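This report refers to the structure that appears directly beneath it.
Whatever order the structure lists ligands and atoms in, that order sets their numbers, starting from 1. Residues take their numbers from the sequence shown, with the count starting at 1. A quick note: this is a predicted structure, and the numbers were derived from the prediction, not measured.
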Amino acid sequence: MFKISDTVSWVGKIDWELDKFHGDEYSTHRGSSYNSYLIRDEKTVLIDTVWEPFAKEYVANLKKVIDLKEIDYIIINHAEIDHGGSLAELMKEIPDTPIYCTKNGINTIKGHHHKDWNFVEVKTGDTLDIGKNKLIFVEARMLHWPDSMMTYMSGENKLFSNDAFGMHYASELMYNDLVDQDELYAEAMKYYANILTPFSKFVVKKIEEVVALNIPIDMICPSHGIIWRDNPMQIVEKYMEWAKDYQENQITIVYDTMWNGTRRMAEAIAEGIKSKDKEVTVKLFNCAKRDKNDIITEVFKSKMILVGSSTINNGILTSIAAILEMIKGLKFVNKKAAAFGSYGWSGESVKIITEHLKSAKFDVVNDGIRELWNPDEEALERCRKFGRNLV
Ligand code: FEO
């Protein structure tokens with residue numbers, strides 16, 4: 001526990017060991033935290049809980065801070081089990097305490113816990129007087145689940161934003177002005193790229209809606225990672241930038257290779273690009289050897305991606321198939337793409353990748369390039385030319 005103000009305390013869990021999130025779908029190189037907040041005004045309010053494996057520890061720690069029976073209201077901004085997961089353990093102690101959440105939140109909590117607790121459905125604009133401060137609920141549907149919402153605390157002007165504006169980043173420093181800024185923004189961008197990209201339209205709409213309310217925001221308290229207390233609107237501005245078809249002057253080459261033929265093609269294409277454009281950043285990733293979520297963050301930053309695979313069994317290599325599936329699901333917009341790959345006899349990989357890129361709504365700029373067996377100097381020169389032409 002630590003105090004954020006005289007009224008609000010953090011009562012969450014820092015998960016230093018977490019290396020994978022959402023099953024194995026999201027790598028967390030710097031761990032994470034599940035931020036739960038306790039407000040002690042005339043009424044006592046608990047906002048969100050922590051991930052299920054820490055439920056006993058969480059409730060035991062909470063008991064050191066407060067007699068659980070003093071909690072008047074529980075607010076679940078989002079019922080995914082990294083936030084709602086400790087409810088079962090908590091509700092054993094205080095089964096009648098009202099749980100405030102959206103209509104979808106009620107369904108989601110019931111779907112996970114199969115309990116009919118004392119739910120209170122809230123909508124955007126609903127308020128809860130807790131004494132000197134007032135809580136105002138703001139639904140944030142599809143940011144990133146149908147049940148997501150935020151809770152604004154007027155008086156102290158704190159926004160409990162849940163997943164939005166958060167990041168998987170374990171730090172005992174806990175505030176944005178204290179942590180390493182490069183690490184902070186790398187994790188915040190990775191979080192946005194890998195989780196929020198498909199919902200960018202909703203991000204823009206929601207931020208515009210909140211800004212139009214003209215409410216002061218002195219602190220943003222997300223449910224993962226650090227708390228934004230120094231110029232908290234900086235992350236809101238970043239989200240607006242990221243949500244509007246973000247791209248940098250970068251071309252990312254993602255490939256997998258069996259006997260280095262496709263790798264040599266990738267390097268020759270990169271050489272061709274750089275020979276024509278010194279300014280553009282070109283990054284190469286062997287998809288089978290590099291972290292898939294880090295690659296996705298690089299795709300997010302790119303204006304163009306090139307995807308390459310050897311042909312195997314009339315198809316593509318599995319690491320490429322996997323990342324193409326991720327890319328499709330994330331619904332990137334306004335990005336160009338092309339395919340390449342080496343082959344021995346049938347040579348379908350380039351066509352297959354091209355089709356995947358088209359179905360992921362990338363602007364595929366040509367039919368790609370394929371080279372037989374291990375590319376010789378002439379073949380590599382064709383790859384360099386391919387790179388130059390892309391520029
Ligand atoms: Fe942090 Fe969507 O849960």
inquiry  = Tell me whether the rings of His224 and Phe21 are parallel (<30°), tilted (30 to 60°) or perpendicular (>60°).
reply    = perpendicular
message = Ignoring hydrogens, what is the shortest heavy-atom contact between Glu172 and Ile14? Give both atom names and the distance.
response = CA-CD1, 4.2 Å
ask   = Parallel under 30°, tilted from 30 to 60°, perpendicular over 60°: which one fits the rings of Trp242 and Tyr185?
value = perpendicular
ask   = So which N/O/S atom does Asp163 have closest to atom 2 (Fe) of ligand 1?
value = OD2
query = Does the shortest distance from atom 1 (Fe) of ligand 1 to an N/O/S atom of His78 fall below 2.8 Å?
reply = no
inquiry  = Just checking: His83, one of its N/O/S atoms, less than 2.8 Å away from atom 2 (Fe) of ligand 1, yes or no?
reply    = no
ask   = Can you tell me if an N/O/S atom from Asp82 lies under 2.8 Å from atom 2 (Fe) of ligand 1?
value = no
inquiry  = Would you call the rings of Tyr73 and Tyr100 parallel, tilted or perpendicular, taking 30° and 60° as the class edges?
reply    = perpendicular
request  = Check Glu80 and report its N/O/S atom nearest to atom 2 (Fe) of ligand 1, by atom name.
outcome  = OE1
query = Where do Val50 and Lys13 come nearest, in terms of heavy atoms and distance?
reply = CG1-N, 3.9 Å
query = Which N/O/S atom belongs to His224 and is the closest one to atom 1 (Fe) of ligand 1?
reply = NE2
